[in-house]
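Fair warning: this is a prediction, and the values are worked out from it, not measured in the lab. Chain letters run A, B, ... following the sequence lines, proteins first and then strands; every chain starts at 1.
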Amino acid sequence: MAFGFPRHFNLFATLEIVTPTLNQLSHVKSLTSLAHNTSHTEASNFYSSLIQQCTRTESLRGLGIVQTHMIKSGYMQLSIANRLVDGCLKCGSLSNARKVFDELPERHVVIWNAMISSYIGHKKSKEAIGLYGKMVFDGVLPDEYTFSSVFKAFSGLGLVYEARRAHGLSVVLGLEVANVFVGSALVDMYAKFGRMGDARLVSNRVGEKDVVLFTALIVGYSQHGDDGEALEVFGDMINQGVKANEYTFASILITCGNLEDLTHGKLVHGLVVKSGCEAAVASQTSLLTMYARCGLIDDSLRIFKRFHHPNLVTWTSLIVALVRNGREELALIKFRKMIRDSVVPNSFTLSSVLQACSSLAMMDEGQQIHAMVTKFGLDRHIFAGAALINLYGKCGNTEMARSVFDALIEIDLVSVNSMIYSYAQNGFGHEALQLFDGMKDLRLEPNDVTILSVLLACNNSGLVQQGCQIFSTIRSNHNIELTRDHYACMVDLLGRAGRLEDAEMLIKEVKNPDLVLWRALLSACKLHGQVEMAERALKKVLELAPGDGGSHVLLTNLYASNGNWSQVIDMKSTMREMKFQKNPAMSWVDVDREVHTFMAGDLSHSRSREINETLEKLFEEVQILGYVPDTRFVLQDLDEEKKKRSLYYHSEKLAIAFALLMSSKKNTIIRIFKNLKVCGDCHSWIKFVTRVIGRDIIARDAKRFHHFKDGCCSCRDYW
DNA sequence: GTAGGGTTAG
């Protein structure tokens, strides 16, 4: 058979420089008339050679010209045409490959596979599945290559039904478990769907399981909360003589970390070294994470030092590890170093550093990172978004939290929970309830975190009835498992509202009531002067935690506020005998990223004299406005004047005076922090102070935020 | 000629 093909062009096929050859080829019309006697083999060799050269030089244009020539010359032999598509794919152009592919009169299964796997490699699962469907429709039978790649597209898109149909076809064609590639792709797919039962069924049917299949199974179990089973699978794998590789190590170390199982973690560490996988980045990163999860952050830091050029994931893992271990400041230092090293953070990194800022309530630093989040276009996405909402919530800025929330492209359960929690801790109970009610419209089902946040919101705003109603609805629906935290919140809510009997009844409902519950009751008793129940509660607390100093202090304070000084003395001597250490009250302020700490009556600060002067002046002014020292909050048996004097030097007052001294800017908000609950006298005093200075004061205490403004507090005096 | 598993977040 002859083709419209120029015989002398064979010469060009051997030329090193492809482009000029192709330029001449483009004059195809005149050339085709030159010869008509070329053999099939010659044509095939000619085109193959040209395609090969175009592919090597990544000349897409060249491939296009070859295609045109092939069409015009009437030569479109299957294997060569496939090579043309393959050439486009190798040049990285999926769209060109698809164009050529679509124009082919006939397509071999290999080229279908190449197209499908390229789509998957480019994360275009929809196109891959579309092509798979077209292939089946066209009557081309998928083979083991097709299945081993296409299942990934189904799991990527969450198409369970379609995936099961494809799985069915693979069974019909006898390919399901005959080929370990297909088997492991299926295991991986079902694992990603979270259908571990199906994953295991497929795995059991595969005869010769290899390391990839085992790894897919391990990851599946680990990512769906069954780390114990993941560890079992790893053991089975080793017992069957299948050697773990860097992928397996990376996964199983995460499993050990999740289980906080240092014994197995160290064992695997040994295997990593023995297998010569120490240089593998992913397994080293997992090793770092494993040690951090087991609380050995110094080991994590040591592992990190071994990286010469840590990548983004490694940096992020380190930052996460530090935040998890309470080393927020170091996490921020490492983050800055990462930026200096020109590693671009992603939403994982940014949400972790934002979490660090939240824990430290570092508003300024957090805002700088917010700017960075915006720069990278991540401020409207759920992950960084939720972290920002938490940050602003924890810094007492609910308006900013809300504006981040409102700008989110997508609202998910976690972002709603974060927003409700922000409202809760800042005492905006009604806003929290409104958002909670609005979840139905957003088609979001509340989970245990939602309920805890909304109960906390009711608690912090004194919305007793609403809280009780939500609690009893959840309790009767059984949709959400109520934990001790939920009960503790309710005990606190009822207790603070004075419904002490109801609170005590609720505790009795809990199977094994823990410390937190009885402590909540005890503190409610203290609030309402209920000595008898308080003594009962303390007894329970001490059964559970014989060394609990805090509860002794609570009861002592209750005796003191009732004026039972003899019992106070008894309690104090008991506490001395038992060597209880009272957690001392402490307040602090952050001035120019330096933390200044104050204890009650603490005059050791270098600017103590000026702090004192500021305080004296403030006292004069607030008294003119009507402030009266409330000596009920002095828990020592002193005369009235001494009591008044001792109130002067409460840590929160010292911190505010210092903050005032240090910040001259009139419009800025003063932020202070206290490790215990803010004292009642100080609360009233701060309200007056905001009227004197005309500035807002935000105080974060152990339980919540108090936003003082124009003589009022956001908690409406209920806390 | 084409194929499967891994490390970081609320």
Would you mind reading off the distance between [X] atom [atom1] and [N] atom [atom2], rounded to a whole angstrom?
X	N	atom1	atom2	value
A:F405	B:dG10	CZ	P	19 Å
A:K209	B:dG5	NZ	P	18 Å
A:M290	B:dG6	CE	P	20 Å
A:W112	B:dT2	CH2	P	19 Å

Between [X] and [N], is there a contact of a side-chain N or O with OP1 or OP2 at under 4.0 Å?
X	N	result
A:K192	B:dG6	yes
A:Q223	B:dT7	yes
A:K152	B:dG5	yes
A:S117	B:dA3	yes

Base, sugar-phosphate, or nothing: which does [X] touch, judged by heavy atoms less than 4.0 Å apart?
X	answer
A:Q355	sugar-phosphate
A:V313	base
A:S418	nothing
A:V182	nothing
A:T248	base
A:I382	base
A:V180	base

Within a reach of under 6.0 Å around CD of A:Q52, are more than 12 heavy atoms found that belong to other residues, nucleotides or ligands? no
From [options], pick the nucleotide closest to the side chain of [X]?
X	options	result
A:E246	B:dG6, B:dG4, B:dT8	B:dG6
A:I254	B:dT7, B:dA9, B:dG4	B:dT7
A:V219	B:dG5, B:dG10, B:dG6	B:dG6
A:S184	B:dG4, B:dG5, B:dG10	B:dG4
A:V212	B:dG4, B:dA3, B:dG6	B:dG4
A:D188	B:dA9, B:dG5, B:dA3	B:dG5
A:V110	B:dT2, B:dG5, B:dT7	B:dT2
A:E144	B:dA3, B:dA9, B:dT2	B:dA3
A:T289	B:dG5, B:dT8, B:dT2	B:dT8

Side chain of A:N113, base of B:dG1: donor and acceptor closer than 3.5 Å? no
Do A:S148 side-chain and B:dG4 base share a donor-acceptor contact under 3.5 Å? no
